[in-house]
Engineer: 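For reference, the structure I am asking about is given below.
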2 protein chains.
Amino acid sequence: MLDSAIREGESVNGYQRVFEVFRERVLNGEWRPGDRLPSERELSLELKVGRPLLREVMRSLDMLGVLDIRHGKGAYVAKADFKVLSDFFAFYLAQEKNALDDVMQARIAIECQAVRLACDRATDNDIARIETCFKQLMATLEDPEQGGRADYQFHLAIVEASHCQSLMTLYHAISALLLKSHVQRRQITLGSDEVIEAHIDSHRQVFLAIVEGDGDKANQRLREHFSIGDELRRKSIIAAYTQEAEASLGRR
Amino acid sequence: MLDSAIREGESVNGYQRVFEVFRERVLNGEWRPGDRLPSERELSLELKVGRPLLREVMRSLDMLGVLDIRHGKGAYVAKADFKVLSDFFAFYLAQEKNALDDVMQARIAIECQAVRLACDRATDNDIARIETCFKQLMATLEDPEQGGRADYQFHLAIVEASHCQSLMTLYHAISALLLKSHVQRRQITLGSDEVIEAHIDSHRQVFLAIVEGDGDKANQRLREHFSIGDELRRKSIIAAYTQEAEASLGRR
DNA sequence: GGTTGAAAGTGGTAAGACCACCAGGTTGGC
DNA sequence: GCCAACCTGGTGGTCTTACCACTTTCAACC
């Protein structure tokens, strides 16, 4: 069905035809980011299709992030962004079991590569930002909501220090889940001094390795960071169930 | 009084409202993959929106891969797949310079994590498949087209042996570019025995590490594989330019 | 009994009308 | 003369209606 456009005849449906026109013009650079498109009325006239059909295509492209349609102003070509990927993953993950664990693997993949690149490419600004995030992390230990956000910001800063668009894009795509997961974990593990200390130190080690610019070391420490987090989460879950069991026994 | 509609922020435009309804119903499992949706007329009645608007939403979801709309039959909930990601990347990469290098970083990220998981999770079947791909790789050394495809298949087999959906999804998303890149590289580096030997051995090492089930080793060897490939490509480019320069001098 | 073709239901498309929003020019008051 | 409020034209946002094209079904016909 991917080949449907290759058909010789005019038999493809109008939607495909119009979509291809847009694809062509954007990919050929005829329509560049920031350009304003003709009005829907004009376009529907030019392409010889009705406005509803044209709008179906444009809406789809809007969802793809290729167009930015603004009520009362017009439609603009946008720089494709990750918005659509978030939507896609939301639907996608709703249909997958073990989705969070699964996505966590993608997250590890992205961050581990990003941290390597960051060691080479990070500017002073990037370093400073990561440091700021780290301080913020320490300042919000008590609040699961803010702490989770700070945690997420720290990791995000690392990924953006890689200056690699595709990694950043993919990371953003799963960011909604990551943020949620960070907050959840905070709520579970809140309160244990030992946990907090390990957590902070783990972040610090990663940060220092980046400052040193040692890609291998940074990668290794980040992996340790993830496995520590994983272990802590398991412990917490076990603890939670144990408490529950005891409470259950106590009620008898 | 016009503001009466503005409450709870639920007052956004109809498109958003309808989209959220679909999102809810799919995410809540009310509509599961394979289910057939009510007809457009029924839905537009139920949701109290016009059919064109409803269709805009459904088309968008069709593009996202969430719905499968079939003329004359109806709309079905589909398992979200990576088709949309390819479209997205096509637009996205058209706007980015250095796109290929950039995406290559994402590729490395995905494969390096995948190979670790593969070491733990690969079944006998997976191993056999990777081995088959490796043999195919050796059998097609002469043909850039087939050789490039075999190369791609080898790496794909590794990723799929990770049994990690999100990694596989992301990998598929960039697969079109990877395949193209594999073939291109083959065309450039074709002919040098030394290059071919290094290339084959590099793959072999990765394969063996997976068979051993040693994640760290496999990861390291895969990284070496990539850096070898990178180096070879650079050398070839330099060689090509050198030849060109000599030829240019010769013509004078 | 097998074939065929109409009918019903579905998505596909078009046209026209009207509403909501935005920007820029016009008009009114100060 | 200046500024605010208002009007106006253009744009996207939405609804309605009608009709076309594809698929399936089932009953009439051979």
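Worth knowing before you read on, the calculation uses all heavy atoms, side chains too, and leaves out hydrogens, waters and symmetry mates. Quick note on labels: first sequence line is chain A, next is B, and so on, each numbered from 1. Quantities reported herein were computed from a predicted structural model and do not represent experimental measurements.
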Engineer: Whole angstroms only, please: what is the CZ-C1' distance between Arg36(A) and dT11(D)?
Structural biologist: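 Taking atom C1' of dT11(D) as the reference, CZ of Arg36(A) is at 7 Å.
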Engineer: State which of dG12(D), dA14(C), dG11(C) makes the closest approach to the side chain of Pro52(A).
Structural biologist: dA14(C)
Engineer: Distance check needed: dT13(C) C1' versus Leu54(A) CG, whole Å only.
Structural biologist: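 The answer, rounded to whole Å, is 12 Å.
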Engineer: Which nucleotide wins on minimum distance to the side chain of Glu42(B), given the candidates dG12(D), dT10(C), dA14(C)?
Structural biologist: dT10(C)
Engineer: May I have the distance from Arg51(A) (atom CZ) to dC15(D) (atom P), rounded to whole angstrom?
Structural biologist: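 Spelled out: CZ on Arg51(A) to P on dC15(D) is 13 Å.
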Engineer: Report yes or no: does Ser166(B) contribute a side-chain atom to a donor-acceptor pair with the main-chain N or O of Asp102(A) at less than 3.5 Å?
Structural biologist: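 Between the backbone of Asp102(A) and the side chain of Ser166(B) there is a qualifying donor-acceptor contact (under 3.5 Å).
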Engineer: On the nucleotide dT13(C), are OP1 or OP2 found under 4.0 Å from the side-chain N or O atoms that Arg59(B) carries?
Structural biologist: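 For dT13(C), OP1/OP2 do have a side-chain N/O of Arg59(B) under 4.0 Å.
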Engineer: Give a yes/no on whether any side-chain N or O of Arg55(A) is located under 4.0 angstrom from OP1 or OP2 of dG13(D).
Structural biologist: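 Yes, Arg55(A) has a side-chain N/O under 4.0 Å of OP1/OP2 on dG13(D).
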Engineer: For Val49(A) and for His71(A), find the nucleotide of DNA chain C with the closest heavy atom, then tell me which residue's nucleotide is more 5'.
Structural biologist: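 The answer here is Val49(A).
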Engineer: One thing to verify: whether Arg51(B) and Glu46(B) come together as a salt bridge, which I'm taking to mean a side-chain N less than 4.0 angstrom from a carboxylate O.
Structural biologist: no
Engineer: With Glu111(A) as reference, evaluate His225(A), Arg116(A), His155(A) under the side-chain hydrogen bond (donor to acceptor under 3.5 Å, both in side chains) test and give the passing residue.
Structural biologist: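 Filter result, single survivor: His155(A).
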Engineer: Whole Å only: how far is the CZ atom of Arg41(B) from the P atom of dA8(C)?
Structural biologist: 14 Å
Engineer: Rounded off to whole Å, could you give me the CD-to-P distance for the Glu40(B) and dA8(C) pair?
Structural biologist: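 Between P of dA8(C) and CD of Glu40(B): 21 Å.
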Engineer: Mind calculating the distance between CG (Leu43(A)) and P (dG13(D)) to the nearest angstrom?
Structural biologist: 14 Å
Engineer: According to a strict under-4.0 Å criterion, is Lys73(A) in side-chain N/O contact with OP1 or OP2 of dC21(C)?
Structural biologist: no
Engineer: Looking only at non-hydrogen atoms, find the nearest pair between Val159(B) and Ala114(B) and report the distance.
Structural biologist: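 Result for this residue pair: CA-CB, 3.9 Å.
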Engineer: Does Gly72(A) reach a base, just sugar-phosphate, or nothing at all? Heavy atoms under 4.0 Å.
Structural biologist: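 Base, at least one base heavy atom under 4.0 Å.
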Engineer: Between Ile69(B) (CD1) and dT23(D) (C1'), how many Å, whole number?
Structural biologist: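 Ile69(B) atom CD1 is separated from dT23(D) atom C1' by 16 Å.
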